[in-house]
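One structure is given here, and the rest of the page talks about it.
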Amino acid sequence: AAKAAGGGCCRVFTDAMRRRAVRRLTVENDLRRALERGELRVHYQPVVRLADRRRTGFEALVRWEHPERGLLLPEEFLDVAEECGLVTAVDAAVLEEVLGFLARHPEGRVSVNTSARRLDGTFAPAVAHGLARHGLPPQRLAVELLETSLVPGDAVTERELHDLADLGVEVLLDDFGTGYSALSDLRRLPVGGLKLDRSFVGDLPADATSDRIAAAVVGLAVGFGLSSTCEGVETAAQAAHLAAQGWRSAQGSLFGAPAPEEHWFPSPAVPADGVRASA
Ligand code: C2E
Ligand code: MG
Ligand code: MG
Ligand code: MG
């Protein structure tokens, strides 16, 4: 019986493994093709200053316009991209698109997400080269780094972050508070700002724990002279609460969901009777 149970257990494990491997291979192959054919899109979510709700820029968020499956969110492919090393190519494609966006629109800052894995010594030079090629000041770009992707003591990553900061590109710690939040990171790394994960925003203002965490993180930001942005702000009550705590900037569905460039910068409309009128 034990043997049979063991066998069954083993078979279940194998099936799960096989499904995982098949998904990984399918997504990996599809993603390689997507990169070649240019199926990746960038959606832009506005970032506003809480004091006056003016838009100061956008966060760039990758999407995949899959020919059969429709528009895919990062959660449906980024883990595989990380595992097979394609995330570097994804981030490079997003960066290139964002540089074009910045060149097309003369105002505001755009932040791009990056995995620490991408900070392999080639990222800062690519950013410097890209900015120069498009004639853009480095202050128009920011880099969001997932705190959870940081490997403590990784010298290459740290060097690369310092190179970005020296260049004038602000480094933001993304989803601050969800990882191990080593406060020594703030001392060691050239961090310019903190972003509060939306998991701490969703239950505001009622939830006392979220309230204390949000207050503590903005306290850190102020104490270290860093910028502070909270994400996932969906209600006016949340915005008011966070503003009162001292948060400088915010993003979320209250201010605008991620959307394509044309949504924020519609091209001049062609009059409906334009063709007839000129004929
Ligand atoms: P993130 O950087 O923390 O991005 C914020 C996420 O919260 C986005 O999800 C955004 O759509 C979502 N969000 C913003 N406001 C609201 C709101 O009011 N309500 C709700 N329910 N959600 C909101 P998204 O676009 O699915 O991105 C998920 C994660 O994928 C990002 O989290 C980021 O870690 C990663 N990611 C996105 N684009 C890239 C990329 O180009 N490169 C890399 N390496 N990672 C990326
Ligand atoms: Mg982000
Ligand atoms: Mg975030
Ligand atoms: Mg988040």
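Atoms within each ligand, like the ligands themselves, are counted from 1 in listed order. This structure is a prediction, so every number in the text was calculated from the model and none was measured.
- At least one donor-acceptor pair under 3.5 Å links the side chain of Q45 to the backbone N or O of G256.
- Looking at E144, its N, O or S atom nearest to the Mg ion (ligand 2) turns out to be OE1.
- At a cut-off of 2.8 Å, D174 coordinates the Mg ion (ligand 3) through an N, O or S atom.
- Between T114 and ligand 1, no N or O atom pair is found at a separation short of 3.5 Å.
- Less than 4.0 angstrom separates some heavy atom of Q45 from each of these atoms of ligand 1: 14 (C), 15 (N).
- Outside the 6.0 Å centre-distance limit, the rings of Y44 and W264 are not counted as a close aromatic pair.
- With a 6.0 Å radius and a threshold of 12 heavy atoms from other residues, nucleotides or ligands, R33 has its CZ atom above the threshold.
- Near G232, meaning under 4.0 Å from any of its heavy atoms, are these atoms of ligand 1: 15 (N), 16 (C), 17 (C), 18 (O).
- Residue G252 has at least one heavy-atom neighbour below 4.0 Å for each of these atoms of ligand 1: 15 (N), 18 (O).
- Checking only distances, D197 never comes within under 3.5 Å of ligand 1, N or O to N or O.
- Here the side chain of R140 pairs a donor or acceptor atom with the backbone of E107 at under 3.5 angstrom.
- The Mg ion (ligand 3) lies under 2.8 Å from an N, O or S atom belonging to D175.
- Among heteroatoms of the N, O or S kind in E231, OE1 lies nearest the Mg ion (ligand 3).
- Among the atoms of N113, an N, O or S atom falls under 2.8 Å of the Mg ion (ligand 2).
- Taking every non-hydrogen atom of S253 and a distance limit under 4.0 Å, the qualifying atoms of ligand 1 come out as 17 (C), 18 (O).
- Using 4.0 Å as the threshold, Q251 has no heavy atom nearer than that to any atom of ligand 1.
- Classification of D79 and R23 as a salt-bridged pair holds, one side-chain N sitting under 4.0 Å from a carboxylate O.
- Across every non-hydrogen atom of L141 and V169, the tightest pair is O-CG1, 3.5 Å.
- Taking any N or O of V62, backbone or side chain, at least one lies under 3.5 Å from an N or O belonging to ligand 1.
- Evaluated by nearest non-hydrogen atom to atom 6 (C) of ligand 1, the leading choice among K195, R198, E82 is R198.
- Close contacts between ligand 1 and E234 involve ligand atoms 17 (C), 18 (O), 19 (N), 20 (C), 21 (N) [criterion: under 4.0 Å to a heavy atom].
- Per-residue contacts place D175 under 4.0 angstrom from the following atoms of ligand 1 (heavy atoms of the residue considered): 3 (O).
- Of the possible polar contacts, none joining the R54 side chain to the V48 backbone as a donor-acceptor pair under 3.5 Å is found.
- Taking every heavy atom of both residues into account, F200 and L204 meet most closely at O-CG, 3.6 Å.
- Taking only non-hydrogen atoms, the option from R118, R63, H43, Q238 nearest to atom 25 (O) of ligand 1 is R63.
- The N, O or S atom of E59 lying closest to the Mg ion (ligand 2) is OE2.
- Polar contact check, D91 against ligand 1: a nitrogen or oxygen pair lies under 3.5 Å apart.
- With no hydrogens or angles considered, a side-chain donor-acceptor pair links H105 and E261 at under 3.5 Å.
- Using a 4.5 Å heavy-atom cutoff, the side chains of F176 and L220 are in contact.
- Looking at T229, its side chain never comes within 3.5 Å of a backbone N or O of K195 through a donor-acceptor pair.
- Heavy-atom proximity to atom 41 (O) of ligand 1, evaluated over L95, V94, L61, L72, is greatest for V94.
- A donor-acceptor pair under 3.5 Å is absent between the side-chain atoms of E97 and the main chain of V94, judged by distance alone.
- Residue contact check: L78 has heavy atoms under 4.0 Å from atoms 30 (O), 35 (C), 36 (N), 43 (C), 45 (N), 46 (C) of ligand 1.
- Contact check on D163 versus R159 returns a salt bridge, with a Lys/Arg side-chain nitrogen under 4.0 Å from an Asp/Glu carboxylate oxygen.
- At least one heavy atom of D174 sits closer than 4.0 Å to an atom of ligand 1.
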